[in-house]
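See structure below.
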Amino acid sequence: MPRSTTARIDLDALRNNYRAACERAGSAKTMAVVKADGYGHGIARIASALSDVAPKYAVACIEEAVAIRAAGLFQPVVLLQGVHAADDFADCVHRNFEPVLHVEHQLDWLEQGGYAPDVWLKVNTGMNRLGFRPDDLPAVMARLEKMSAGAKLQGFVGHFACADDASSPMTAAQTATFETATSPWPLLMKSVGNSAAHFIPGQPLFDWSRPGIMLYGGSPIVGKTGPDLGLEPVMTLEAPLITTRVVKAGESVGYGGAWVAERDTRMGMVAIGYGDGYPRHAGTDTPAAIGGRRIRLIGRVSMDMLAVDLSNAPEAGEGDLVELWGRTVGVDEVASCAGTISYELLTGITSRVPRTSY
Ligand SMILES: *Cc1c(COP(=O)(O)O)cnc(C)c1O
């Protein structure tokens with residue numbers, strides 16, 4: 001019998017969060033960002049659960065788009081990082097993938113290949129990871145217009161560097177740069193909004209918004225949790241207590257003797273560790289829950305297990321399920337205890353943990 005360590009995926013919560021994104025997007029349409037295996041929730045399951053409401057998906061790379069097709073879904077899929085080889089444009093045409101063009105050599109491949117996929121053009125408005133500078137747009141547009149096969153340009157995409165911080169002036173500056181740069185082509189579409197942009201009052205989202213983390217109930221805003229923003233947790237990560245014991249005052253628990261009992265303490269070992277993707281940097285006092293009651297981690301997280309203090313749950317015993325994150329303990333809380341963000345925790349759950357959905 002397998003251990004009961006599981007990530008349970010609440011598909012109604014996912015759909016409610018997608019609906020919340022659409023409401024916030026106003027007149028913009030909303031493509032569902034399902035990269036990185038649906039932020040760790042399972043791309044086929046997530047894309048399928050949204051298939052009757054989402055008009056488009058977005059992923060990072062072509063393998064992920066192929067996984068959406070393998071799930072029997074036919075909406076267009078935007079490739080946010082574009083293609084990695086000239087031949088991929090043929091697949092884009094045949095399978096209705098919409099690559100983002102962000103670098104010169106992708107234009108070369110497009111010219112040489114003679115394929116005419118639907119494409120987007122990435123504008124670098126200050127993120128400085130990918131994209132063409134505003135000054136270069138006229139030349140790039142001229143090249144696209146000249147291509148004999150005529151790549152079908154859908155529009156422009158931009159990406160924000162600091163939208164997680166509503167007080168940052170950078171988002172407005174990037175928006176202004178984007179609008180000015182694209183203004184000579186008013187008939188083409190525009191897309192700038194990640195999840196965070198949905199929560200910035202007055203932020204224009206133009207034609208297409210691109211929410212990711214908010215669909216999964218994680219917070220895109222520094223200092224706020226998903227539930228603070230009206231989002232529902234989608235993943236509940238749980239694992240069984242496999243043993244309990246009393247650690248005597250002065251004794252330590254786990255590697256490095258990192259936690260020492262001040263008084264006799266009933267503790268339990270939980271069958272999950274960093275080998276499952278639970279963060280090793282989550283130290284003593286990171287919250288967990290059992291039977292809806294909050295408890296805390298003690299000592300160091302090991303590869304296959306971690307220790308919890310059961311002082312708050314005296315009736316808990318072997319076989320009981322501990323919630324590592326979910327409805328009682330938010331993934332954003334655990335992330336902040338581990339010095340990271342919910343994105344990293346959700347995408348980091350390893351293949352050893354089965355996902356089930358309901
Ligand atoms: C991942 C990604 C998104 C979604 O970002 P969230 O912060 O998860 O909403 C949107 N656009 C691009 C270009 C991305 O890479």
Side-chain angles (χ1 to χ4, degrees), residues 14 17-18 20-22 24-25 28-41 43 46-47 50 54 56-62 64-65 68 76-84 97-103 106 119-132 154-166 168 170-171 174-175 178 189-200 203 205-226 229-231 233-235 331-332 335 340-348:
L14 172 79
N17 293 337
Y18 180 81
C22 292
R24 287 182 175 274
K29 284 187 265 184
T30 299
M31 60 179 90
V33 182
V34 298
K35 62 191 176 183
D37 199 23
Y39 285 54
H41 296 64
I43 189 169
I46 294 296
L50 294 174
K56 222 188 251 295
Y57 301 107
V59 296
C61 52
I62 201 162
E64 296 176 318
I68 291 176
V77 185
V78 174
L79 310 182
L80 294 169
Q81 217 174 85
V83 297
H84 293 258
F97 302 156
E98 302 179 359
V100 171
L101 306 172
H102 64 80
V103 68
Q106 292 174 331
V119 296
W120 295 80
L121 204 55
K122 178 90 160 202
V123 186
N124 177 10
T125 59
M127 178 68 134
N128 284 319
R129 294 191 308 189
L130 305 180
F132 298 97
Q154 302 295 296
F156 301 98
V157 301
H159 198 48
F160 295 128
C162 302
D164 58 336
D165 172 6
S168 168
M170 189 150 179
T171 308
Q174 286 191 269
T175 305
F178 182 81
M189 293 190 286
K190 296 193 262 299
S191 172
V192 292
N194 54 1
S195 295
H198 291 71
F199 294 93
I200 300 174
Q203 171 62 44
L205 294 173
F206 305 108
D207 301 289
W208 283 95
S209 78
R210 306 191 306 266
I213 192 70
M214 70 178 292
L215 304 181
Y216 309 95
S219 171
I221 304 290
V222 173
K224 295 244 198 280
T225 67
L229 299 170
L231 303 171
V234 173
M235 181 190 292
V331 64
D332 300 298
T340 185
I341 52 178
S342 58
Y343 300 71
E344 187 180 16
L345 297 193
L346 295 172
T347 57

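Every number for a ligand or one of its atoms is a count from 1 in the order of the listing.
- Taking CZ from R129 and NZ from K122, the interatomic distance works out to 6.0 Å, rounded to the nearest 0.5 Å.
- Remark: the T225 side chain and the S219 side chain contain no N/O donor-acceptor pair separated by less than 3.5 Å.
- Classified by interplanar angle (parallel below 30°, tilted 30° to 60°, perpendicular above 60°), the ring pair F178/F206 is tilted.
- The shortest N or O to N or O distance between Y343 and ligand 1 is under 3.5 Å.
- The main-chain N or O of N194 is found under 3.5 Å from a side-chain atom of H198 such that the two form a donor-acceptor pair.
- Protein heavy atom in closest approach to atom 10 (C) of ligand 1: R210 O, 3.5 Å.
- Looking at S195, its side chain does come within 3.5 Å of a backbone N or O of G212 through a donor-acceptor pair.
- At a heavy-atom cutoff of 4.0 Å, ligand 1 is contacted by the side chain of L80 but not by its backbone.
- When only interatomic distances are considered, the shortest N/O to N/O separation between P211 and ligand 1 does not fall below 3.5 Å.
- Here CD1 of I221 is found 6.5 Å from CZ of F199. Values are rounded to the nearest 0.5 Å.
- Between the CG atom in L121 and the NE2 atom in H102 there is a gap of 11.0 Å [rounded to 0.5 Å].
- Neither the backbone nor the side chain of M214 has a heavy atom within less than 4.0 Å of ligand 1.
- What sits closest to atom 9 (O) of ligand 1 on the protein, heavy atoms only, is S195 OG, 2.5 Å.
- Close approach of ligand 1 to Y39 is summarised as follows: ligand atoms under 4.0 Å from at least one heavy atom of the residue are 1 (C), 4 (C), 5 (O), 6 (P), 8 (O).
- For atom 1 (C) of ligand 1, the closest heavy atom belonging to the protein is K35 NZ, 1.4 Å.
- Heavy atoms of P220 found under 4.0 angstrom from ligand 1: none, in either backbone or side chain.
- Ligand-side atoms of ligand 1 in range of I213: 6 (P), 8 (O), 9 (O), range being under 4.0 angstrom from any heavy atom.
- Using a distance-only test at 3.5 Å, with no hydrogens or angles considered, no donor-acceptor pair links the side chain of D332 to the main chain of G218.
- Ranking the protein heavy atoms by distance from atom 12 (C) of ligand 1 puts H159 CE1, 3.4 Å first.
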